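Single-structure report; data block below.
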Amino acid sequence: MTAVKTLGQFIIEKQADFPYAKGELSRLLRDIGIAAKIVNREVNKAGLVDILGDAGTTNVQGEGQKKLDVYANEQFIAALRSGGECCVVASEENDECIYIESEISKNAKYIVAIDPLDGSSNIDVNVAIGTIFSIYRRQSLDGKPLISDVLQKGSEQVAAGYVIYGSSTMLVYTTGKGVNGFTLDPSIGEFCLSHPNMRIPKEGKIYSINEGNYVHFPQGVKDYIKYCQEEDINSGRPYTSRYIGSMVADIHRNLIKGGIFLYPVSSAYPKGKLRLVYECNPMAFILEQAGGIAIDGSNRILDIVPDHLHQRSAIFLGSENMVNKLMEFLSGSNLMTYKADSAISAP
Ligand code: P6P
């Protein structure tokens, strides 16, 4: 029987991958894992205690906050504060960055951008939700961290991950050396390595998009959807449409089975709905590290320099061959092709 390897053991084992790190990143990842277990405990008993429903407050996006949104935000911020390895937290739930200036954190090297509980509209109906996080090294040398430390492009991430609170709770993360998945074993309260070296299949048969917005999609996206729905035995079409409405759940499924997730611009979201800094960038880093591709329709997601913290972006990410086929429809030709694990190349 294979020995159980916990998240903590794995992080320590891989610490040698970071010559400059003296354990800070390892401790930061463990802090996030601890907060995830605390949030998981509440998510799992939601419905039994008064933690479902609306908090009666709105976040910076003007979206109604669920009680669990607020709870999760508080738990991750508290864990990052007490861990001492993070100097700034940028959260979907907070308008401004949170600067951690305690004695133990003021010289901390890392910035964390986080969506503490994504997909919260699904909480009350018991559908999988998730946490998404992104970690950068501080670039400014001293004094109070600068907003430029937070608005780094996605390719500067040193780590990124997500937690999916589903039929089981998993933590999936990368530090730029591949992607590994850990499943929470409630009997010992530990995340245990269950999906080593995760790779997304180059081809898939699943497309994930909210087709309710079809009339508002750019023509190229409409054409691609029709391509997915056409019958073509050789290419395994028509593909299967699967859309949960929870970014972490939709992308996690596609990471395992192969597929493409699409959230284009639409009349409701002329710049796209999903946020670049704490949703698109971490998921793009993970998918690229697993051999996939992530673009906004014309740019590699990880090459976009953010203008502001809550900036939105269109996003198309998943299996390499599916994203490249999409690009043929978006660019009207196949002049631009993307190779996974590398930057954009246009002949
Ligand atoms: P729509 C959840 O609200 C979320 O932010 C993502 O998790 C999800 O992928 C997307 O929005 C769903 O948006 O417009 O299809 O309901």
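Quantities reported herein were computed from a predicted structural model and do not represent experimental measurements. Every number for a ligand or one of its atoms is a count from 1 in the order of the listing. The chain is numbered in sequence order, starting from 1.
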Nearest option to atom 3 (O) of ligand 1, as decided by whichever heavy atom of M247, K273, E279 sits closest: K273
Min heavy-atom dist N122 to ligand 1 below 4.0 Å: no
N213, any N or O under 3.5 Å of ligand 1 N or O: no
Contact atoms of ligand 1, heavy-atom distance to N210 under 4.0 Å: 1 (P), 14 (O), 15 (O)
Under 4.0 Å to a heavy atom of F261 - the qualifying atoms of ligand 1, by number: 9 (O)
Part of Y269 within contact of ligand 1 (heavy atoms, under 4.0 Å): neither
Salt bridge K325-E328, side-chain N to carboxylate O under 4.0 Å: yes
Side-chain donor-acceptor contacts of residues 148-155 below 3.5 Å, not counting sequence neighbours, with atom names and distances?
residue : atom : partner : partner atom : Å
D149    : OD1  : Q139    : N            : 2.7
D149    : OD1  : S140    : N            : 2.8
D149    : OD1  : S140    : OG           : 3.4
D149    : OD2  : S140    : OG           : 2.5
D149    : OD2  : L146    : N            : 2.8
Q152    : OE1  : Q139    : NE2          : 3.2
Q152    : NE2  : R137    : O            : 3.0
Q152    : NE2  : D149    : O            : 2.7
S155    : OG   : L302    : O            : 3.4

Distance to 0.1 Å, residue and atom name: give those for the protein heavy atom nearest to [atom].
{"atom": "atom 5 (O) of ligand 1", "result": "D118 OD1, 3.4 Å"}
{"atom": "atom 14 (O) of ligand 1", "result": "Y263 OH, 2.6 Å"}
{"atom": "atom 15 (O) of ligand 1", "result": "Y243 OH, 2.5 Å"}

Student check: side-chain heavy atoms of K5 and E13 closer than 4.5 Å: yes
D115 side, atom CG; S134 side, atom OG - distance, nearest 0.5 Å: 11.5 Å
Spacing of CD1 belonging to I295 relative to CG belonging to D303, to within rounding of 0.5 Å: 12.0 Å
Quiz item: cation-pi between R237 and Y227, 6.0 Å / 45°: yes
